[in-house]
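Right, one structure below, let's go through it.
Residue numbers count from 1 along this sequence. Counting convention: from 1, in listed order, for ligands and their atoms alike.
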Amino acid sequence: MKKLYENFAVKEFVEKCAGKEALDVLKHFLKSRKALKDEDIAKKTGMRVTEVRTILNRLHYRGIANYTKTRDDKTGWYTYTWRIDTKKIVELIIEEQKELLKKLEKEREMRESYTIFECKAGCSEFPFEIAAEYQFKCPYCGKDMVCIDSATKKRNLSRQINRIKKVIAELDKLK
Ligand SMILES: [Zn+2]
């Protein structure tokens, strides 16, 4: 489970879902490998209980954290015991990465099949037919649109695509 925490995509995703401190909470769960009470996590990480709860609730919202609620008969207070669904984290990231991959592949395909015109100021980009309709003037700023060499952009897209494929392959191993 150490590997999961070290994975860059996992770190980035957890941070995005629940904030920077969420990583400490996750780390703590992965180390202890069991269900934990929010008070105990707070003690171990030095965070306030309310902070820990906020993080866990955010993770819960994404389906990553689950809890069981038990009532203390004497005090009438509720205790929340939390678990982290590590499989779910990996699944969510793979889903997100696959969507991004689809988008980038579509864009690369578009650049392969069409001649692209770009506004000289950089505010718009259209395939030839549409640029022609605008008489090669940018509809936003009125500047000329010029035919661009897509080679560099295609190369960048390919690089991004390969990187995402690698991320997905690594995550597949963590499932
Ligand atoms: Zn423009």
Side-chain angles (χ1 to χ4, degrees), residues 2-27 29-30 45 47-48 50-66 84-175:
K2 207 181 165 199
K3 266 191 184 150
L4 184 87
Y5 176 73
E6 282 169 353
N7 183 284
F8 180 74
V10 171
K11 280 190 194 179
E12 212 179 46
F13 183 78
V14 170
E15 213 175 288
K16 197 181 74 189
C17 291
K20 253 201 157 90
E21 282 77 20
L23 285 175
D24 287 336
V25 174
L26 177 72
K27 201 176 182 177
F29 267 103
L30 297 181
T45 55
M47 275 181 231
R48 272 174 294 166
T50 48
E51 279 177 310
V52 173
R53 278 184 195 146
T54 305
I55 288 167
L56 289 169
N57 281 323
R58 283 185 192 145
L59 294 175
H60 178 64
Y61 175 73
R62 302 299 302 261
I64 296 168
N66 302 299
I84 295 285
D85 187 347
T86 49
K87 252 193 179 157
K88 182 81 185 177
I89 299 178
V90 175
E91 274 170 22
L92 285 173
I93 304 171
I94 289 179
E95 214 174 274
E96 201 181 71
Q97 293 291 319
K98 278 188 175 161
E99 223 151 272
L100 184 61
L101 186 65
K102 231 194 268 167
K103 214 180 87 192
L104 293 173
E105 279 174 339
K106 223 180 187 178
E107 197 185 330
R108 185 170 63 178
E109 202 183 303
M110 199 263 292
R111 286 183 189 282
E112 265 156 13
S113 1
Y114 298 99
T115 308
I116 308 290
F117 279 73
E118 184 184 58
C119 159
K120 270 184 175 171
C123 52
S124 67
E125 242 183 49
F126 298 101
F128 172 80
E129 287 81 4
I130 294 170
E133 272 175 36
Y134 287 124
Q135 289 162 340
F136 303 100
K137 297 274 180 216
C138 172
Y140 304 109
C141 72
K143 288 212 169 78
D144 288 339
M145 286 199 275
V146 289
C147 180
I148 56 162
D149 166 29
S150 288
T152 316
K153 276 195 175 156
K154 269 191 281 187
R155 252 200 317 274
N156 284 339
L157 281 169
S158 295
R159 211 173 291 146
Q160 265 176 289
I161 286 166
N162 289 336
R163 207 187 40 192
I164 291 171
K165 281 182 179 164
K166 236 184 250 169
V167 169
I168 293 174
E170 259 172 52
L171 288 166
D172 269 329
K173 278 187 258 167
L174 291 174
K175 267 209 274 196

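Put simply, the side chain of S124 does not reach to within 4.5 Å of the side chain of Y134, judged on heavy atoms. You'll find the side chain of L59 stays beyond 4.5 Å of the side chain of F29, heavy atoms only.
E21 is linked by a salt bridge (Lys or Arg N to Asp or Glu O under 4.0 Å) to nothing, counting only residues two or more places apart in sequence or in another chain.
Listed by chain and residue number, the protein N/O/S atoms under 2.8 Å of the Zn ion (ligand 1) are C119 SG, C123 SG, C138 SG, C141 SG, with waters left out.
Among residue pairs with one or both ends in residues 120-140, those qualifying as salt bridge (Lys or Arg N to Asp or Glu O under 4.0 Å) are R111-E125, E125-K153, K137-D144; sequence neighbours excluded. Residue pairs meeting the salt bridge (Lys or Arg N to Asp or Glu O under 4.0 Å) criterion with at least one partner in residues 161-171, sequence neighbours excluded, are E105-K165.
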Query raised in the report: Stepwise, does the salt bridge (Lys or Arg N to Asp or Glu O under 4.0 Å) test hold for K175 with D172?
Result: CA-CA 5 Å; K175 267 209 274 196; D172 269 329; 3.5 Å; yes
